[in-house]
Amino acid sequence: GNSVTQMEGPVTLSEEAFLTINCTYTATGYPSLFWYVQYPGEGLQLLLKATKADDKGSNKGFEATYRKETTSFHLEKGSVQVSDSAVYFCARRMDSSYKLIFGSGTRLLVRP
Amino acid sequence: SAVISQKPSRDICQRGTSLTIQCQVDSQVTMMFWYRQQPGQSLTLIATANQGSEATYESGFVIDKFPISRPNLTFSTLTVSNMSPEDSSIYLCSVQAGSANTGELFFGEGSRLTVL
């Protein structure tokens, strides 16, 4: 099938803590994978992407590695900031299509 | 990248009325997509709108409820017809602007509809 599964939130961390948001997917083949971020009151922004196995996407201190063995694309950041508080969506491209399938989203709250 | 503008940004509507949302892109794009984000939920694809052809709807969405226009390569509209409180959502326009390999989408800021 075609699905994306994210860890449930909310995730509450103190500033400078390490962040992991888990994401796994089901697919035939190796679809492009994405992390999008939605800051309060705003639309979705592309955070990072990976287009093939073992690729690492990175942006703004966030990283995610495309792991075909575990069909995962976990989002990590070594030291979160209050400004990282947002909802994070994992997504995969639908097979042979430009459509994206989104996970349920994980709300991150970073406290000072 | 692409800059996407949506109107209205938010609206409060009465049950039984219809509202049309506009999406304007700053460049020509082949594919435009309309998504719905219900309160506290993820994004669900409503339909794909290509210029010069009828929109393609996903399972659970029909043209009578969500008619779409795509008159040119930079503009599209989505109408939410005969609204009920269950239609209260954020409606997002998106375009495919990455390479053919990556398929990334860019999103407008969304139109937040509240139906009373």
Side-chain angles (χ1 to χ4, degrees), chain A residues 1-10 21 23 25 27 29-53 55-57 59 64 66 73 86-109, chain B residues 1-10 21 23-25 29-51 55-61 89-114:
Chain A
N2 298 317
S3 69
V4 177
T5 303
Q6 284 182 240
M7 64 186 289
E8 287 194 21
I21 300 178
C23 172
Y25 65 91
Y30 304 107
S32 296
L33 302 174
F34 308 89
W35 277 100
Y36 281 83
V37 58
Q38 187 175 37
Y39 297 103
E42 298 184 15
L44 268 74
Q45 302 174 28
L46 179 65
L47 180 60
L48 54 84
K49 65 186 180 188
T51 60
K52 60 183 187 295
D55 262 4
K56 177 185 285 188
N59 185 26
Y66 192 140
F73 192 55
V87 181
Y88 292 82
F89 292 93
C90 184
R92 53 151 286 191
R93 184 176 170 183
M94 280 185 70
D95 302 324
S96 303
S97 162
Y98 288 108
K99 303 174 187 177
L100 293 187
I101 300 172
F102 286 85
S104 56
T106 303
R107 180 175 299 277
L108 171 66
L109 177 60
Chain B
S1 66
V3 177
I4 303 167
S5 302
Q6 283 187 236
K7 291 181 181 179
S9 58
R10 61 179 62 232
I21 302 167
C23 177
Q24 179 75 51
V25 189
V29 294
T30 302
M31 293 186 178
M32 296 179 75
F33 304 90
W34 285 98
Y35 282 83
R36 180 175 73 181
Q37 185 180 20
Q38 293 177 301
Q41 303 297 314
S42 186
L43 282 76
T44 303
L45 181 63
I46 298 172
T48 304
N50 292 335
Q51 194 267 336
T56 304
Y57 290 83
E58 298 298 308
S59 175
F61 298 96
S89 295
I90 301 173
Y91 292 85
L92 296 129
C93 171
S94 69
V95 303
Q96 186 272 322
S99 72
N101 286 334
T102 62
E104 65 204 72
L105 297 186
F106 293 89
F107 286 82
E109 294 193 350
S111 299
R112 183 184 296 270
L113 302 188
T114 302

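All figures in this text were calculated on a predicted structure; none of them were measured in a lab. Sequence lines set the chain letters: A, B, ... in the order given, protein chains first and strands last, and positions in each chain run from 1.
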Check your understanding: Name the one of B:Tyr35, B:Phe106, B:Phe107 that satisfies ring pair (Phe, Tyr, Trp, His ring centres under 6.0 Å) with A:Tyr36?
Key -> B:Phe107
**Study point:** Between CG on residue A:Leu44 and CG on residue B:Leu43, distance to nearest 0.5 Å
**Key:** 5.5 Å
Check your understanding: Does the B:Ser42 side chain pair with the main chain of A:Gly103, one donor and one acceptor, at a distance under 3.5 Å?
Key -> yes
Point to revise | Over 12 non-hydrogen atoms of neighbours within 6.0 angstrom of CD in B:Gln38 | key: yes
Check your understanding: Under a 4.5 Å cut-off applied to non-hydrogen side-chain atoms, are B:Gln37 and A:Phe102 in contact?
Key -> no
Practice item. Check each atom of A:Gln38 against the heavy atoms of chain B and say whether the ones under 4.5 Å are side chain, backbone, both or neither. Key: side chain
Exercise for review: Measure the CZ-CG distance between A:Arg93 and B:Leu105 for me, rounded to the nearest 0.5 Å.
Suggested key: 9.5 Å
